[in-house]
Amino acid sequence: MWNPITVGQSATHPFTDYSRWRLLVNDGGRHTWHYPRTDEELANWPQNTVDEFWLGLNTGLPELPPAKDAYEAARNGYEFYKHLQAHDGHWPGEYGGPMFLLPGLVIGSYVSGMGFKEEERLEMIRYLMNRAHPEDGEGHSTVFGTGLNYAAIRILGLDADHPVCVKARATLHKLGGATAIPAWGKFWLSILNCYDWAGNNPVPPELWLLPDWVPFHPHRWWIHTRTVYVPMSYLYGVRYTMEENDLILSLRQELYPQDYYTINWPAQRNNVSKADLYAPHSGIFDALNVVLSSYEHCNIPPLRRAGVAKAYELIVREDENTEYQTLGPVSKMFNLIARAHAEGPESFAYKQHAIKRQDFMWIGAEGMMMCGTNGSQLWDTGFITQALVETGLADLEENKKGLIKALEWLNEAQIRDNPKHYHSSYRHTTKGAWGFSTKEQGYTVSDCTGEGLKAVMYLQHDLDFTPKLVSERRMCDAIDVMLTLQNPNGGFASYELIRGPFWMEILNPAEVFGDIMIEYCYPECTTSVLTSLAIFRKHYPQYRSKDIERTLKHAIEYLHNAQKPEGGWVGSWGICFTYATQFALESLSLVGETYETSPYSRRACEFLLKKQRKDGGWGESYKSCEQSAWVEHENSQVVQTCWAVMSLMYARYPYPEPIEKGVRLVMSRQLPNGSWPQEAIEGVFNKTCAIAYPNFKFSFPIWMLGKAHKYLAELKGGSGR
Ligand code: LAN
């Protein structure tokens, strides 16, 4: 392989041979990319359409006869999308977007001595080059993004004199340099030995020694925050640092406009660039840090050792509970460093972490990235299967085999037991749940359980050709988990019950994310649970009917209360009002609340109709999520238009025009082979981070178009297909 970086190749062209990359799908939906080297290997493992599509290569799929109506457009859409189903029945996909993840992968691997294959290294460089902000440091460049990605690209081997590095450095220095990086950036750079530990606010591992009943005990934090802070507190407790080397010494000069050795580190603890700040520290948090920093000077060694040991125990349990996937991409790399530090590169843990690190790495058209999770397998498979059943596309002979495969996958993906380390790692019950990605990762997510169960019920009950793979007992298990997840206000949060008090948000240390300290209720999560309970009840009216009834009523109350005065619901996981409103109106429809019968539904429809554009579409920017107020996107978006039209249909909006206009827009954007081009990013988390759901551009148009065809026919008194 030649080295394109030294010859200054433009990043628009791959640095590797894209005809060699292959996606390996195995073990319940794990997906990892490989680059076979020998001709023999290549011949035995031909590149398929799934590989080609995700690599951005030409799939060669044929043009289809132009769709004459919405149903035909949906059929054409699936005619394309069915080729993206993996052999095991699920739909794999990229899950990139957040720009603070790849630096974690690179820095974490570097300090742990875990290398990359040459093809991975080159394509990660290319990805970072492609993602560098196009303008000269204005716009949305942040210290967090620029500082960490700069360090990453240098570790990967790009020269400091390369124009991409020169430009990034200038931007970084203009923004104040890496002293102004937010807390998580300070932490990563400290691990890398390019920032002094004294410049961090304390992360004392002793917190884990507090009795569980303490109201701010970390087991009450939102699961992602606590799972990241467990290894952080270990690494802070031992003051982990990479050994100095030439690159580290050089980075110390490159990352800062001033001389590294003259920096007053304690003064940097709360120094965060304005460009990065979303959730400023509260006064109480700052005061607490003053106290904790004094403790750092006189910490009690046996207590510190006990705290470090407790944090390490929790790290090990998390690794074992998840087969080394861990909950997410940040904890993945911190856990990996901690295990490498404690047990060394020959250990079983190190080797397992190396294997599963691969699950987060994804090669796309722009290079290799780190994903937000080890995939979105269940989520994508859940939506498309429901769409196919609801639209009637499932009944077409040519689609049956694929649907049986999908059911087989969903059957395998249900979690059958509680975690190996259950109460000792503060876990919620998992028996009967579905997670967001694979069974192996093993975390209950409320709405993934709801969507997983709905998909299974649709496939097993509404189709006459599917085997009944998931037993009634196992469906009841799913119901049991969901019933444990309702909060006192009737709403459902993401992974667990809300465990801590609301005031804990004043302890949010992360500056760049909002609402991360505890769980919150979400209309999206509430809906997926509520709708699956309502559908389950129709099929199995005898099982826990009183509990289900009570839960449903209370969940509807929550949804009513969560509606904004203007009529929409704020989305937390998709952008933004169109996303959450679709879910909320689906819920209301299942208890008979529609445009005609419910003021809530009516207000929501009117809100959406005001936002419909002349071209028939809807478009909102990710900024809606930051501001909890509608912010228009420059263009209307296919996926958001689908959510809005679905909302109107759930509410049984009685006039066809806005629906027809939405349908026309989505049809007009369809390509001759049945697919849709990628538009703006679809998802969001923690208020500020956008994340890609590229499979949505298939599942939601197919679903919306097929449903609209039937709905419009009904409205007009005819009958849909
Ligand atoms: C996800 C992805 C899926 C998402 C839905 C199922 C869509 C949602 O309805 C519930 C919450 C959940 C499971 C979710 C939570 C937060 C995640 C895991 C992510 C957005 C993907 C990445 C993100 C994670 C926190 C990223 C790492 C960053 C940290 C701040 C730790």
Side-chain angles (χ1 to χ4, degrees), residues 93-105 144 148 182-185 187-188 221-232 278-279 318 322 325-335 360 369-383 428 433-438 441-452 485 491-496 508-517 519-529 569 571-576 579-580 582-583 622 625 681-693 695-696 699:
E94 172 197 317
Y95 196 43
M99 286 308 293
F100 61 96
L101 301 181
L102 191 59
L105 175 74
F144 195 33
L148 286 183
W184 285 22
F187 204 92
W188 275 117
W221 299 359
W222 183 45
I223 195 164
H224 274 283
T225 307
R226 82 165 179 262
T227 310
V228 166
Y229 274 88
V230 174
M232 270 185 154
Y278 177 76
E318 162 70 358
T322 61
Q325 294 284 1
T326 87
L327 174 63
V330 181
S331 52
K332 167 73 190 166
M333 293 314 299
F334 282 145
N335 277 17
F360 288 84
M369 69 198 83
M370 169 88 163
C371 292
T373 54
N374 60 327
S376 52
Q377 292 86 332
L378 180 281
W379 202 232
D380 289 321
T381 305
F383 285 133
H428 194 85
W434 276 272
F436 179 67
S437 54
T438 57
Q441 191 256 12
Y443 271 93
T444 298
V445 185
S446 65
D447 52 359
C448 298
T449 306
E451 298 301 334
L485 279 166
F492 287 77
S494 56
Y495 295 79
E496 295 172 341
N508 177 356
E511 297 120 1
V512 290
F513 309 120
D515 290 354
I516 59 159
M517 288 309 289
E519 277 276 13
Y520 290 88
C521 292
Y522 302 103
E524 303 98 306
C525 298
T526 305
T527 288
S528 300
V529 172
W569 282 263
S572 295
W573 309 110
I575 301 169
C576 172
Y579 182 70
Q582 169 201 233
F583 281 95
Y622 76 92
C625 301
I681 196 157
E682 304 83 357
V684 73
F685 62 94
N686 302 354
K687 302 279 178 201
T688 55
C689 293
I691 189 157
Y693 288 86
N695 277 311
F696 280 7
S699 44

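Order of listing sets the numbers, starting from 1, for every ligand and every atom in it.
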Worked check of side chain to side chain contact (heavy atoms under 4.5 Å, CB included) between Trp573 and Cys525: CA-CA 9 Å; Trp573 309 110; Cys525 298; 4.1 Å; yes
Which segment of Phe100 sits under 4.0 Å of ligand 1 when only heavy atoms are counted: side chain
Full working for ring-ring contact (aromatic ring centres under 6.0 Å, His included) between Tyr95 and Tyr693: CA-CA 6 Å; Tyr95 196 43; Tyr693 288 86; 5.1 Å; yes
Element-labelled atoms of ligand 1 that are located less than 4.0 Å from some non-hydrogen atom of Val228: 31 (C)
Phe144/Trp184 aromatic ring centres below 6.0 Å: no
Top protein contact for atom 22 (C) of ligand 1, by heavy-atom distance: Gly372 O, 3.6 Å
For atom 13 (C) of ligand 1, closest protein heavy-atom neighbour: Tyr495 OH, 3.3 Å
Ligand-residue contact atoms, ligand 1 with Trp379, heavy atoms, under 4.0 Å: 7 (C)
Centroid separation Tyr495 to His224 less than 6.0 Å: yes
Protein residue, atom and distance nearest to atom 3 (C) of ligand 1, heavy-atom basis: Phe436 CE1, 3.3 Å
With Pro509 via side-chain contact (heavy atoms from CB on, under 4.5 Å) - residues at least two apart: Tyr229, Phe285, Met517
Residue, atom name and distance, where the atom is the protein heavy atom closest to atom 18 (C) of ligand 1: His224 NE2, 3.0 Å
Close approach of Tyr693 to ligand 1, heavy atoms, under 4.0 angstrom: yes
Closest to atom 2 (C) of ligand 1 (judged by heavy-atom distance), picking from Phe685, Tyr95, Trp222: Tyr95
Which residue and heavy atom of the protein sit nearest atom 6 (C) of ligand 1, plus the separation: Asp447 OD1, 3.4 Å
Side-chain ion pair, Glu318 and Arg226, N-O less than 4.0 Å: no
Partner residues of Phe334 under the ring pair (Phe, Tyr, Trp, His ring centres under 6.0 Å) criterion, sequence neighbours left out: Phe187, Trp188
4.0 Å heavy-atom contact, Cys448 with ligand 1: yes
Trp221 side chain reached by Thr227 side chain, heavy atoms, under 4.5 Å: no
Residue-ligand contact Trp184/ligand 1, heavy atom below 4.0 Å: yes
Heavy-atom check, side chain of Asn686 versus side chain of Tyr278, under 4.5 Å: no
Side chain, backbone, both or neither: the part of Tyr522 lying under 4.0 Å from ligand 1 by heavy atom: neither
Proximity to ligand 1 by part of Asn686, non-hydrogen separation under 4.0 Å: side chain
